Amino acid sequence: MTPIIRIQDIAAHLGETVTLQGWLYARTDKGKLQFLQVRDGTGVVQCVVFKKDVPEEVFEAAARLTQESSLEVTGTVRADPRAPGTPGGFELGVSDVRPVQVATEYPITPKEHGVEFLMDWRHLWIRSSRQWAILRIRATIMRAIREWLDGNGFLEMSTPIITPSAAEGTSTLFALDYFGENAYLAQSGQLYNEANIGAFGKVYCFGPTFRAEKSKTRRHLTEFWMVEPEIAYCDLDQLLVIEENFVSHIVQTVLRERAAELKALGRDTSALEKMIPPFPRITYDDAVERLRKLAAETDDPEQKELLKIEWGDDFGSPHETALTKQFEKPVFIVGYPTVVKAFYMEPWPGRPEVCKSADLLAPEGYGEIIGGSERISDHDTLLQRIHDHKLPVENYKWYLDLRKYGTVPHSGFGLGVERTVAWICGTEHIRETNPFPRMLQRSYP
Ligand code: 4AD
Ligand code: MG
């Protein structure tokens with residue numbers, strides 16, 4: 001028996017005879033030569049079947065393999081700088097091919113397909129090289145997230161998905177019937193983490209969150225993954241330092257460990273290499289000024305209209321894109337108007353119309369990847385806000401209690417995994433960053 005190896009480890013087996021277990025990604029036939037592009041989940045390697053090197057029946061069995069047929073292939077690893085594939089530069093000189101199943105006609109062919117078609121076949125689309133690269137990078141991002149937080153004194157806490165109350169506004173709640181009571185799918189684990197910091201100081205939750213987003217955009221899913229760190233004895237300035245170090249670690253890890261995937265995506269990595277702290281910080285007030293200036297300077301009437309903004313408005317994606325074009329690194333927008341943000345944010349000292357919030361916008365128009373803030377630590381201020389937002393006080397009793405039993409200044413943030421993946425991979429639409437995305441009008445497959 002030859003050893004079974006995975007393609008990502010192929011360089012370590014140069015000159016050896018090995019077996020790969022995988023699927024036929026593509027093939028080219030040239031008379032006595034068959035070039036089989038075999039993928040095994042960790043990469044793609046060219047396997048060369050030469051008629052005179054294999055028994056007749058092996059050559060014929062290989063010839064019958066269709067796209068996405070499953071197979072085991074044995075051969076000798078050779079270096080060839082021209083060999084295609086991922087990581088590339090190696091090929092297999094085949095001595096044996098054992099078909100596992102000859103696939104029926106595969107729906108996804110090298111020709112162009114529409115996105116809705118591909119989404120209907122998402123269960124197979126994830127095998128395509130681009131999707132594969134994005135989802136491998138996603139997994140690395142998720143590991144880098146845990147690695148940095150665990151290494152910096154944060155404790156992972158599981159927060160509930162079934163919740164009685166809203167954290168991020170009542171307009172995007174998914175309601176469910178909880179044995180006759182109203183309950184909702186969690187929009188965020190933050191409120192529970194504000195309890196968890198009272199027990200553990202620095203915590204994070206990491207899991208799926210749910211928002212009934214009723215509009216179709218390239219940045220919104222209805223189910224997305226969010227990591228939410230929360231820190232006791234931390235103000236907004238201290239929070240931003242944590243955020244920039246955290247984001248930088250994520251980017252550097254991907255650059256180091258997923259170079260082949262970034263290359264397969266054609267991502268400009270020189271832009272990513274610049275993601276070293278500090279990241280620029282501008283105030284919301286300054287951002288509004290910059291947008292007005294841009295609107296005044298542009299000759300394009302459509303752009304002028306899109307960039308229009310009044311102090312107090314939330315930013316739309318044209319605003320965010322225009323702002324981030326002014327910076328090479330992600331930019332913090334600090335101190336949003338209280339009216340556009342969630343109920344729990346600490347007022348700016350001396351300016352109650354502004355809150356101690358900060359969003360982090362990714363460069364190149366990928367939009368907000370982090371929303372964060374200092375939280376209200378005073379009981380009566382928080383109670384007033386709950387009333388102002390017309391939230392049912394009885395559901396927030398436990399949350400108010402946290403301000404009665406040793407309240408402290410505290411802050412936290414949420415980073416959206418899919419938006420971060422979209423930015424790092426340079427993908428236009430967020431739907432490709434989750435293996436099985438959930439969106440308005442899409443819950444299949
Ligand atoms: O800004 P958001 O709504 O903040 C919160 O949920 C806070 N409770 C976080 C906290 O302070 N603990 O969401 C945080 C991030 C956004 O910056 C964005 O990256 C992502 O979550 N996000 C979405 N991603 C995909 N689809 C959606 N519908 C998203 N909504 C938010
Ligand atoms: Mg936000």
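Fair warning: this is a prediction, and the values are worked out from it, not measured in the lab. For ligands, and for the atoms within them, numbers begin at 1 and follow the listed sequence.
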If we only count N/O pairs under 3.5 Å, is [X] in contact with ligand 1?
X	answer
Gln187	no
His220	no
Ile369	yes
Gly416	yes
Glu228	yes
Glu213	yes
Leu221	yes

Exercise for review: Specify the closest pair of heavy atoms between Ile333 and Tyr284, including all atoms of both residues, with the distance to one decimal.
Suggested key: CG2-CA, 3.8 Å

Check your understanding: Where is the tightest heavy-atom contact between Phe413 and Arg375, given as atom of each residue plus distance?
Key -> N-NH2, 3.6 Å

[X] side chain to [Y] backbone, donor-acceptor under 3.5 Å:
X	Y	result
Ser69	Thr66	yes
Arg419	Ala362	no
Ser248	Glu244	no

Check your understanding: Under a heavy-atom criterion of less than 4.0 Å, does Gly412 contact ligand 1?
Key -> yes

Review point. Does even one non-hydrogen atom of Arg219 get within less than 4.0 Å of ligand 1?
Key: yes

Could you find the nearest protein heavy atom to [atom] and give me its residue, atom name and distance?
atom	value
atom 7 (C) of ligand 1	Glu168 OE2, 3.2 Å
atom 6 (O) of ligand 1	Arg211 NH2, 2.8 Å
atom 30 (N) of ligand 1	Phe224 CZ, 3.4 Å
atom 14 (C) of ligand 1	Met226 SD, 3.4 Å
atom 15 (C) of ligand 1	Gly414 O, 3.6 Å

Exercise for review: Measure up the His113 and Phe117 rings against each other and bin them: parallel (under 30°), tilted (30 to 60°), perpendicular (over 60°).
Suggested key: parallel

Could you check whether [Y] and [X], counting side-chain N and O atoms only, form a donor-acceptor pair closer than 3.5 Å?
X	Y	answer
Thr283	Asp285	no
Gln384	Asp388	yes
Tyr344	Glu168	yes
Gln131	Arg122	yes

Check your understanding: Would one find more than 12 heavy atoms of other residues, nucleotides or ligands at under 6.0 Å from atom NZ of Lys308?
Key -> no

Exercise for review: Decide side chain to side chain donor-acceptor pair (under 3.5 Å) for Gln326 and Arg290; before the verdict, give the C-alpha distance in whole Å, the side-chain angles of both, and the deciding distance to 0.1 Å.
Suggested key: CA-CA 10 Å; Gln326 303 190 333; Arg290 284 168 186 259; 2.7 Å; yes

Can you tell which part of [X] has a heavy atom less than 4.0 Å from ligand 1: side chain, backbone, both or neither?
X	result
Tyr344	side chain
Ile430	side chain
Arg375	side chain
Glu368	both

Review point. Hey, is the Mg ion (ligand 2) within less than 2.8 Å of some N/O/S atom on Asp359?
Key: no

Atom indices of ligand 1, in the order listed, that fall short of 4.0 Å to a heavy atom of [X]:
X	answer
Ser188	6 (O), 8 (N)
Ile370	17 (O)
Gly371	1 (O), 9 (C), 10 (C), 11 (O), 17 (O)

Exercise for review: Tell me whether the centres of the aromatic rings in Tyr184 and Phe210 are closer together than 6.0 Å.
Suggested key: no

Revision key, fill the gap. Among the N/O/S atoms of Glu368, the Mg ion (ligand 2) lies closest to OE2

**Study point:** Any Lys329 side-chain heavy atom under 4.5 Å of Pro280 side chain
**Key:** yes

